[in-house]
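Working notes, beginning with the structure itself.
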Amino acid sequence: MIGQLRSVVIDCPDPRALATFYAELLGLPVDDRKLDDEDSWVVLGGEPGQQPRLAFQKAVNLREPRWPDPNRPQQFHLDVTVDDVEEAEAKALALGATRLPGSGEGFRVYADPVGHPFCLCWDD
């Protein structure tokens with residue numbers, strides 16, 4: 001092993017807003033020790049080395065992904081395991097998520113408020 005995952009970093013136009021979305025979706029706390037005056041970097045989760053950790057970095061001219069458009073690829077996505085997909089979907093949509101085309105056995109595809117795809121997944 002060369003190293004351990006520190007954080008998944010997501011570019012976005014408003015790190016505070018997107019971090020708030022994912023804090024609610026995943027139940028992760030905002031790490032207030034990492035905040036800066038411009039809110040250009042926001043971290044969810046614990047100390048480095050504790051998982052999961054998500055970081056949100058300001059990207060001024062972000063060209064958001066489009067699902068499923070190969071000319072605007074997803075760049076990354078998160079799989080989120082849920083017990084009740086109907087309840088989880090309702091809560092995610094209320095937070096600002098959008099349902100996207102695509103689903104399969106055990107998953108549905110959504111976009112966060114900035115357009116990054118993620119999946120709600122469940123085990124039958």
Side-chain angles (χ1 to χ4, degrees):
M1 175 175 64
I2 293 174
Q4 294 179 329
L5 178 65
R6 180 180 182 98
S7 302
V8 174
V9 180
I10 301 171
D11 288 349
C12 56
D14 184 345
R16 170 61 68 181
L18 197 57
T20 299
F21 171 84
Y22 278 106
E24 289 293 321
L25 184 70
L26 301 173
L28 293 173
V30 173
D31 184 351
D32 291 326
R33 296 166 297 154
K34 306 295 182 195
L35 297 178
D36 61 26
D37 292 336
E38 295 84 38
D39 275 345
S40 63
W41 180 264
V42 179
V43 176
L44 298 182
E47 295 283 336
Q50 294 177 343
Q51 299 302 326
R53 281 176 47 93
L54 287 176
F56 302 86
Q57 176 175 278
K58 187 167 189 104
V60 177
N61 295 315
L62 177 71
R63 188 167 179 237
E64 78 274 4
R66 298 273 187 223
W67 176 273
D69 181 353
N71 294 317
R72 306 234 346 232
Q74 62 181 337
Q75 301 163 8
F76 87 98
H77 81 274
L78 301 176
D79 286 343
V80 179
T81 300
V82 299
D83 291 326
D84 181 333
V85 70
E86 300 302 334
E87 180 181 340
E89 177 178 283
K91 290 178 179 179
L93 294 174
L95 287 172
T98 304
R99 178 82 187 266
L100 297 177
S103 63
E105 189 173 323
F107 75 94
R108 292 182 188 167
V109 184
Y110 303 83
D112 68 22
V114 179
H116 300 110
F118 68 94
C119 294
L120 295 180
C121 304
W122 64 94
D123 298 316
D124 288 326

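In this chain, numbering begins with 1 at the start of the sequence shown. If you're wondering where the values come from, they're calculated on a predicted model, not measured in any experiment.
Counting all heavy atoms, side chain and backbone alike, Pro68 lies closest to Pro70 at O-CD, 3.5 Å.
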Could you give me the CA-CA distance, side-chain angles and deciding distance for Leu44 and Leu26, then say whether side-chain contact (heavy atoms from CB on, under 4.5 Å) is met?
CA-CA 10 Å; Leu44 298 182; Leu26 301 173; 5.7 Å; no
Evaluation steps, side-chain contact (heavy atoms from CB on, under 4.5 Å), between Leu28 and Arg53
CA-CA 8 Å; Leu28 293 173; Arg53 281 176 47 93; over 6 Å; no
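Among residues two or more places apart in sequence or in another chain, the salt bridge (Lys or Arg N to Asp or Glu O under 4.0 Å) test is passed with Glu64 by Arg66, Arg72. In this structure, Asn61 has no side chain to side chain donor-acceptor pair (under 3.5 Å) partners at least two apart in sequence or on a different chain. Under the rule for a side chain to side chain contact (heavy atoms under 4.5 Å, CB included), the partners of Asn71 that lie at least two apart in sequence or sit in another chain are Asp69. Judged as a side chain to side chain contact (heavy atoms under 4.5 Å, CB included), and not counting sequence neighbours, the contacts of Ala88 are Val82, Leu120.
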Review item, side-chain donor-acceptor pairs of residues 105-118, under 3.5 Å, at least two apart:
from, atom 1, to, atom 2, distance (Å)
Arg108, NH1, Glu86, OE2, 3.4
Arg108, NH1, Glu89, OE1, 3.0
Arg108, NH2, Glu86, OE2, 2.6
Tyr110, OH, Glu89, OE1, 2.5
Asp112, OD1, Val114, N, 2.8
Asp112, OD1, Gly115, N, 2.9
Asp112, OD1, His116, N, 3.0
Asp112, OD2, Tyr22, OH, 3.0
Asp112, OD2, His116, ND1, 2.9
His116, NE2, Asp11, O, 3.1

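Taking 4.5 Å as the limit, every side-chain heavy atom of Pro15 sits out of range of all side-chain heavy atoms of Gln57. Val85 has its side chain out of reach of Glu87: every pair of non-hydrogen atoms, C-beta onward, lies at least 4.5 Å apart. Between Val42 and Val30, the closest side-chain pair of non-hydrogen atoms falls below 4.5 Å.
For Asp79, the CG atom is densely surrounded, since the number of other residues' heavy atoms within 6.0 Å is greater than 12.
Trp41 places no side-chain N or O within donor-acceptor distance of the main-chain N or O of Phe56, the cut-off being under 3.5 Å.
Hydrophobic cluster membership is shared by Leu78 and Leu62, with clusters built from Ile, Leu, Val, Met, Phe, Trp and Tyr side chains linked at under 4.5 angstrom.
To the nearest 0.5 Å, the span separating CG on Leu18 from OG1 on Thr20 amounts to 8.5 Å. Taking NZ of Lys58 as the start and SG of Cys12 as the end, the distance is 8.5 Å to the nearest 0.5 Å. Between atom OG of residue Ser40 and atom CG of residue Asp14 there is a gap of 11.0 Å, rounded to the nearest 0.5 Å.
The ring pair (Phe, Tyr, Trp, His ring centres under 6.0 Å) contacts involving residues 79-106 comprise nothing, where partners must be two or more places apart or lie in separate chains.
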